[in-house]
Enquirer: 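Okay, here's the structure, questions in a sec.
Numbers restart at 1 for each chain; the letters A, B, ... are given by sequence-line order, proteins then strands. Both backbone and side-chain heavy atoms feed into the values below; hydrogens, waters and symmetry mates do not.
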Amino acid sequence: EVMPTLDMALFDWTDYEDLKPEV
Amino acid sequence: VDPCHDEGGAPRGCVPGLVNAALGREVLASSTCGRPATRACDASDPRRAHPSALLTSAGGTASPLCWRSDLLHRVPLNVTLTVPLGKAFELVFVSLRFCSAPPASVALLKSQDHGRSWAPLGFFSSRCGLDYGRPPAPADGPAGPGPEALCFPAPQAQPDGGGLLAFSVQDGSPPGLDLDSSPVLQDWVTATDIRILLTRPASVGDTRDSEAMVPYSYSATELQVGGRCKCNGHASRCLLDTQGHLTCDCRHGTEGPDCGRCKPFYCDRPWQRATAWEAHACLACSCNGHARRCRFNMELYRLSGRRSGGVCLNCRHNTAGRHCHYCREGFYRDPGRPLSDRRACRACDCHPVGAAGKTCNQTTGQCPCKDGVTGLTCNRCAPGFQQSRSPVAPCVKTP
């Protein structure tokens with residue numbers, strides 16, 4: 001089974017702003 | 001045919017041919033007749049001039065033109081002839097033909113530093129003790145283990161009125177020394193300049209009474225310095241460089257006027273002089289095409305059993321290691337490309353959320369994945385997991 005790649009738009013960065021990667 | 005490599009291309013020791021190193025070189029004479037002009041010698045008249053250039057020009061020998069010193073009237077009667085050879089040579093012999101009665105005392109010197117310092121090669125005198133404070137040369141050569149400047153008999157007058165000074169480097173060297181294996185013999189034969197000191201004319205006897213002297217001049221021709229351009233076994237010829245300096249045409253990864261050092265990238269082992277049986281070529285560092293510079297490390301060389309001591313510097317193309325033979329952190333080896341390929345190392349490209357770090361396995365390229373994440377770059381949820389909204393735990397078990 002091939003899973004879809006992680007969708008960056010689905011992540012909620014509210015509590016993890018400092019971890020958010022630069023795109 | 002390449003004298004410095006065999007038929008298979010393997011390096012082998014090579015040496016330039018035997019030449020007269022003095023031929024065409026300028027001779028500096030401390031005294032030359034003709035200034036002011038006399039009836040016998042006029043420096044401004046080519047037909048009556050006797051310049052020092054005649055000593056090393058390729059004139060015929062049937063009727064030689066001779067250099068002549070000024071008339072010398074009182075003791076000391078020293079006249080010096082100096083020949084800069086332009087670079088280091090390995091001497092075989094030195095000879096000088098006199099056009100008049102040969103001097104009774106001559107000293108032969110050499111310099112190895114282009115005239116800054118001088119050392120004797122030999123002395124020639126009918127009275128070695130008085131003139132040079134030395135005993136006559138023993139018939140079987142030097143008494144010590146190494147070469148020495150000995151005092152030989154003065155050149156004999158020939159029936160034609162002239163005479164020949166002849167010196168072979170073997171004359172001052174103990175029998176059995178081999179140039180390849182004897183550093184002292186290599187030092188003994190090496191010279192950048194030759195100097196001949198004419199210190200006592202034949203006409204002056206044991207007395208040093210200047211009043212009793214008849215004016216005298218030295219006269220000579222055909223100064224020959226037989227030798228090989230010194231290239232330490234790494235060149236078969238010497239050439240003039242762009243600045244007109246004589247220099248070895250170095251092979252075997254060597255460079256310098258005498259091939260006396262390894263070229264910058266050829267430092268995988270220490271420089272050595274070549275011998276008849278071993279070329280001792282300088283070896284290029286093994287950097288897989290990813291570095292242009294390297295340095296030699298003696299400790300690594302010893303640890304390798306004296307085989308390899310080169311350490312590559314500034315590995316490029318994301319490589320690392322002594323031989324640029326693995327990928328630097330954050331990159332992994334692409335198995336589909338040879339190690340020498342510019343793109344042999346690929347970026348790990350670990351997923352910024354799915355991976356627990358940025359450094360992947362250097363062989364497989366596998367990034368460290370968070371729980372429930374899979375894929376080479378950790379960019380997918382594993383079967384049985386689904387994406388969450390938390391970047392800390394991007395994949396959670398499917399309910």
Enquirer: For A:Asp15, which atoms come within 4.5 Å of any heavy atom of chain B: side chain, backbone, both, or neither?
Expert: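 Neither part.
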Enquirer: If the condition is disulfide bond (SG atoms under 2.5 Å apart), which residues does B:Cys285 pass it with, not counting sequence neighbours?
Expert: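 B:Cys285 satisfies disulfide bond (SG atoms under 2.5 Å apart) with B:Cys294 once adjacent residues are dropped.
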Enquirer: Is it the case that over 12 heavy atoms from other parts of the model lie below 6.0 angstrom from the CD atom of B:Glu329?
Expert: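 No, because the 6.0 Å sphere around CD of B:Glu329 holds 12 heavy atoms or fewer from other groups.
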Enquirer: Within this structure, what is the OG1-CG distance for the pair B:Thr377 and A:Leu6, rounded to the nearest 0.5 Å?
Expert: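 B:Thr377 OG1 to A:Leu6 CG: 8.5 Å, rounded to 0.5 Å.
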Enquirer: Is it the case that more than 12 heavy atoms not belonging to B:Asp6 sit under 6.0 Å from its CG atom?
Expert: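 It does: B:Asp6 CG has more than 12 such atoms within range.
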Enquirer: Evaluate whether atom OH of B:Tyr266 has more than 12 neighbouring non-hydrogen atoms of other residues, nucleotides or ligands under 6.0 angstrom away.
Expert: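 No - once you tally the heavy atoms of other residues, nucleotides and ligands closer than 6.0 Å, there are 12 at most.
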Enquirer: Is it the case that more than 12 heavy atoms not belonging to B:Arg342 sit under 6.0 Å from its CZ atom?
Expert: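 Check fails, neighbour count at 12 or below.
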Enquirer: With chain A as the partner chain, list the residues of residues 385-399 of chain B whose heavy atoms fall under 4.5 Å from it, by residue number, and write 'none' if nothing qualifies.
Expert: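 Within residues 385-399 of chain B, the residues that come under 4.5 Å of chain A (heavy atoms only) are B:Phe385, B:Gln387, B:Ser388, B:Arg389, B:Ser390, B:Pro391, B:Val392, B:Pro394, B:Cys395.
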Enquirer: Answer yes or no: does atom CZ of B:Arg307 have more than 12 heavy-atom neighbours from other residues, nucleotides or ligands under 6.0 Å?
Expert: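 No - once you tally the heavy atoms of other residues, nucleotides and ligands closer than 6.0 Å, there are 12 at most.
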Enquirer: Is it the case that over 12 heavy atoms from other parts of the model lie below 6.0 angstrom from the NZ atom of B:Lys358?
Expert: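 Not buried by this count: 12 neighbours or fewer within 6.0 Å.
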Enquirer: Quick one: does A:Met3's side chain get under 4.5 Å of B:Thr374's, heavy atoms only?
Expert: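 Side chain of A:Met3 against side chain of B:Thr374, heavy atoms only: no contact under 4.5 Å found.
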